[in-house]
*Asks:* 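Structure provided below as structure tokens; questions to follow.
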Amino acid sequence: MKPTHVLKGIYALWYREFKVFLNEQSRILSAVFLPMFWYFIFGSGVGSITTTGINYQHFIFPGFLAMTIIFSSLFNGAYIVWDKKIDFLKEVLIAPLSRTTIFVGKVVGGMTDALIQAFILIIIGTVIGIPFTIVNTLYTVFILFIFTIGLVSLGLIIGSFLESPESFGLVSSFVVYPLFLLSGALYPLDTLPAWMKVLTRLDPATFAVDGLRNVILGISSMSLIHDLSVLIAFDISLILIGTWAFNRMKL
Amino acid sequence: MDNPIPAIEILGLKKTYGELSAVNEVHLSVGRGEIFGLLGPNGAGKTTLLMMLATLLKPTSGDARVNGYSIISQPSHVRQSIGMVFQDPSSDELLSGYENLKLHALMYDVQWKSIDHRINNVMRLVDLEHRKHDKVKTYSGGMRRRMEIARGLLHQPAVLFLDEPTLGLDPQTREHIWKYIESLARETGMTIVLTTHYMEEAEKLCQRVAIIDYGKIIALDTTQNLKNRLAGDVVTLRGKLLEIDALRGLPFVRKIELQDGRIQITIENAGKNLKSLLLAAGEIEEVQVRSSDLNDVFLHFTGKEIRETEGDTLEHIRVMTTAKQSR
Ligand SMILES: Nc1ncnc2c1ncn2[C@@H]1O[C@H](COP(=O)(O)OP(=O)(O)OP(=O)(O)O)[C@@H](O)[C@H]1O
Ligand SMILES: [Mg+2]
């Protein structure tokens with residue numbers, strides 16, 4: 001296949017994803033405002049009883065940035081089960097594109113949506129006094145970019161196995177919430193009991209949150225290189241599993 | 001146009017689901033520029049056959065060549081050569097018709113500069129130019145079907161597959177779509193393979209028809225020849241104590257079938273022979289005479305009525321259930 005055809009194919013899938021995104025303002029709003037809602041409840045409620053050395057609302061902001069990315073990336077990916085349902089997936093799979101091209105196109109599409117939402121949140125963060133500068137915003141976007149690759153892939157993998165959108169609820173209970181709650185988004189990593197520490201280290205979101213806290217607030221448990229290496233390893237494995245899952249996917 | 005390779009050559013294709021042979025050793029060849037019909041009742045295996053030809057479903061055994069390419073070893077060439085209009089709608093209704101078509105053009109590597117031009121052309125062909133920027137969810141069923149036919153044409157495929165192009169549409173829309181298919185065939189000379197279980201559809205559009213049932217092709221000929229094989233008139237009788245055996249003995253009687261309280265007799269030349277038939281039949285309460293049509297041909301080959309108005313409910317339920325399971 002010609003390389004230009006591959007690029008056009010990726011663009012095609014991105015184009016569709018983006019058009020749908022623009023049409024679903026309610027989804028965008030809920031994806032941004034749900035984390036903000038949690039953020040203020042937690043920030044003021046729990047913030048009044050804990051001491052993390054710095055303002056608790058600032059402390060958990062990176063976690064909510066990660067939360068937005070986790071929600072929207074995974075759901076965007078898992079949305080492919082909806083394409084199955086409406087038979088649109090047939091139209092895509094019958095096209096002269098390789099499954100790998102289709103996978104990459106879907107990843108790029110899902111990432112775009114997730115990053116736009118994250119960007120809205122960064123703007124809100126600036127308004128409510130999170131210390132964003134041009135430099136740390138670039139770092140933030142970079143970390144989110146790396147993180148979302150693996151997340152969208154994970155969503156796509158799950159979606160490619162799901163049979164019907166009704167099983168969608170499972171995704172949120174068994175993937176989205178554990179990823180979020182074990183990530184240290186809401187609590188510091190250093191003072192945890194040992195078993196809990198192990199669990200948090202199994203969650204890739206932990207490293208994203210730690211990295212974000214590092215670049216935005218200057219506090220972290222691990223070095224940025226460490227965080228990024230784990231996230232990149234997470235991406236690579238999920239891209240590999242994802243292409244495999246897409247190549248075996250039947251209608 | 002004088003391409004010696006047939007548009008489609010099916011070499012013993014077979015697809016089994018457990019015990020069930022959905023498509024059973026089909027051999028078939030379709031010439032360039034032909035409009036070919038696959039006619040069969042619900043569950044006959046029509047969609048399964050098309051899905052294999054379109055490389056979306058792996059055959060259990062056998063192979064086929066589409067536009068000269070093997071569906072087993074050259075699937076991406078096959079895909080580039082075909083357009084498919086699926087039985088169920090397969091467009092994204094959150095997008096406009098134009099956006100659905102643009103997406104399609106990109107996936108099929110249509111040159112950037114001709115994308116818009118081609119979209120306008122095919123949308124004009126199906127009379128949807130004025131609605132192209134509306135969301136698909138605002139289209140009627142017939143419009144959506146037309147849009148999907150247009151989409152199938154966009155990359156100028158060598159072969160166009162239409163799976164039940166008019167299923168579930170009202171008679172008026174159906175005739176509209178027939179008109180589009182006819183003009184399409186005339187204007188492009190494209191090979192078209194369509195499946196249907198509407199007799200009139202096959203009769204009106206197709207040059208040749210294969211009757212398929214239980215995954216096997218049980219008759220294959222031009223529509224005219226198929227009808228000639230059973231040429232004659234159909235007499236339906238109702239009455240008490242009809243002399244069936246005596247009727248069987250008459251030289252001009254071709255076929256007798258019993259249907260709840262009635263008998264249906266196919267005879268040669270009713271104008272000449274009806275009188276002798278009625279004399280031999282016994283005590284008659286009701287007589288109907290009509291000339292035979294493709295429906296009788298179908299009944300003859302499959303033992304099943306295919307008429308849309310007399311859909312078999314049980315069969316329908318079976319189909320609905322499999323449709324659900326396949327999701
Ligand atoms: N995924 C599947 N698993 C099991 N059986 C299947 C599957 N797909 C189709 N079948 C069976 O194969 C047979 C042929 O189905 P197919 O859909 O090809 O029929 P069809 O001729 O297109 O019917 P219709 O007119 O209802 O569209 C049916 O008996 C159906 O139940
Ligand atoms: Mg079918």
Side-chain angles (χ1 to χ4, degrees), chain A residues 1-28 79-102 104-106 108-109 113 159 162-167 247-251, chain B residues 47-48 50-58 69 71 74-96 98-112 115 135-137 144 147-148 151-152 154-155 157 161 163 323-327:
Chain A
M1 208 155 62
K2 286 184 299 179
T4 52
H5 187 178
V6 173
L7 288 178
K8 245 187 207 168
I10 293 172
Y11 173 70
L13 290 156
W14 176 86
Y15 173 85
R16 184 259 178 163
E17 221 62 46
F18 194 62
K19 290 283 176 182
V20 172
F21 177 75
L22 292 183
N23 279 327
E24 296 214 301
Q25 280 99 351
S26 61
R27 214 171 97 205
I28 309 176
Y79 238 65
I80 195 171
V81 68
W82 181 253
D83 292 354
K84 277 188 203 170
K85 163 98 176 168
I86 62 171
D87 273 328
F88 178 74
L89 193 61
K90 280 186 192 163
E91 153 75 358
V92 174
L93 294 188
I94 203 177
L97 295 171
S98 74
R99 293 291 177 94
T100 308
T101 306
I102 294 171
V104 174
K106 281 270 178 195
V108 177
D113 301 0
L162 291 183
E163 301 264 311
S164 71
E166 285 80 62
S167 31
N247 278 295
R248 66 165 280 294
M249 177 167 55
K250 297 203 183 69
L251 280 170
Chain B
T47 299
T48 308
L50 289 199
M51 289 302 229
M52 288 193 285
L53 293 178
T55 75
L56 279 180
L57 195 62
K58 239 184 146 69
Y69 302 113
I71 59 166
Q74 297 162 295
S76 64
H77 285 95
V78 172
R79 287 170 187 204
Q80 192 73 56
S81 312
I82 61 171
M84 169 70 100
V85 180
F86 294 103
Q87 183 166 346
D88 306 310
S90 65
S91 39
D92 190 334
E93 39 172 43
L94 293 176
L95 303 185
S96 67
Y98 171 84
E99 287 163 344
N100 270 289
L101 264 62
K102 177 158 178 188
L103 168 71
H104 184 93
L106 291 167
M107 292 198 295
Y108 285 78
D109 202 17
V110 174
Q111 286 195 332
W112 287 103
I115 290 179
K135 295 226 166 72
V136 171
K137 69 176 169 205
R144 187 162 180 180
M147 188 272 286
E148 296 197 0
R151 186 178 69 178
L154 198 55
H155 56 288
F161 293 112
D163 197 357
K324 268 202 196 118
Q325 283 163 354
S326 64
R327 282 279 141 79

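Below, chain A is the first sequence line, B the second, and so on; all start at residue 1.
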*Asks:* Among the options H77(B), H104(B), R151(B), pick out the one with the most heavy-atom pairs lying under 4.5 Å from chain A.
*Replies:*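 Highest number of heavy-atom pairs under 4.5 Å: R151(B).
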*Asks:* Under a 4.5 Å cutoff for heavy-atom pairs, which residue among N23(A), I94(A), V81(A), L97(A) has the most contacts with chain B?
*Replies:*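 Among the listed options, the one with the most contacts to chain B is I94(A).
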*Asks:* Checking Q111(B) against chain A: side chain, backbone, both or neither under 4.5 Å from a heavy atom?
*Replies:*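 When you check distances to chain A, only backbone atoms of Q111(B) fall under 4.5 Å.
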*Asks:* Can E148(B) and S91(B) be said to form a side chain to side chain donor-acceptor pair (under 3.5 Å), step by step?
*Replies:* CA-CA 7 Å; E148(B) 296 197 0; S91(B) 39; 2.7 Å; yes
*Asks:* Hey, can you tell me if H155(B) and Y108(B) have their rings parallel, tilted or perpendicular (30° and 60° cut-offs)?
*Replies:*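 If you compare the ring of H155(B) with that of Y108(B), the planes turn out parallel.
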*Asks:* What part of K250(A) gets closer than 4.5 Å to chain B, counting heavy atoms only: side chain, backbone, both or neither?
*Replies:*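 No part of K250(A) comes within 4.5 Å of chain B.
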*Asks:* According to the interplanar angle, ranging from 0 to 90°, do the rings of F21(A) and F18(A) count as parallel (below 30°), tilted (30 to 60°) or perpendicular (above 60°)?
*Replies:*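 F21(A) and F18(A): parallel rings.
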*Asks:* Using a cut-off of under 4.5 Å on heavy-atom pairs, state which of M84(B), K102(B), K135(B), M51(B) scores highest against chain A.
*Replies:*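 Highest number of pairs under 4.5 Å: K102(B).
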*Asks:* Are any side-chain N or O atoms of N247(A) and backbone N or O atoms of T100(A), one a donor and one an acceptor, separated by less than 3.5 Å?
*Replies:*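 No, because the side chain of N247(A) does not come within donor-acceptor range (under 3.5 Å) of the backbone of T100(A).
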*Asks:* Is the shortest side-chain heavy-atom distance between K106(A) and D83(A) below 4.5 Å?
*Replies:*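 The answer is yes; the side chains approach within 4.5 Å.
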*Asks:* Can you tell me which portion of F86(B) sits under 4.5 Å from chain A's heavy atoms? Options are side chain, backbone, both or neither.
*Replies:*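 The side chain, not the backbone.
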*Asks:* Quick check on V85(B) against chain A: is it the side chain, the backbone, both or neither that has a heavy atom closer than 4.5 Å?
*Replies:*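 For V85(B), no heavy atom lies under 4.5 Å from chain A.
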*Asks:* Given a strict heavy-atom distance threshold of 4.5 Å, which part of P89(B) is in contact with chain A: side chain, backbone, both, or neither?
*Replies:*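 Answer is backbone: N, CA, C or O of P89(B) sit under 4.5 Å from chain A.
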*Asks:* With side chains defined as the heavy atoms from C-beta onward, is the minimum distance between T101(A) and I10(A) less than 4.5 Å?
*Replies:*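 T101(A) reaches I10(A) side chain to side chain.
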*Asks:* Under 4.5 Å from any heavy atom of chain B, what part of F88(A) do you find: side chain, backbone, both or neither?
*Replies:*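 Both the backbone and the side chain of F88(A) come within 4.5 Å of chain B.
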*Asks:* I'd like to know if the side chain of K19(A) reaches the main chain of S96(B), judged simply by a donor and an acceptor atom lying under 3.5 Å from each other, with no hydrogens or angles considered.
*Replies:*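 Answer holds: no.
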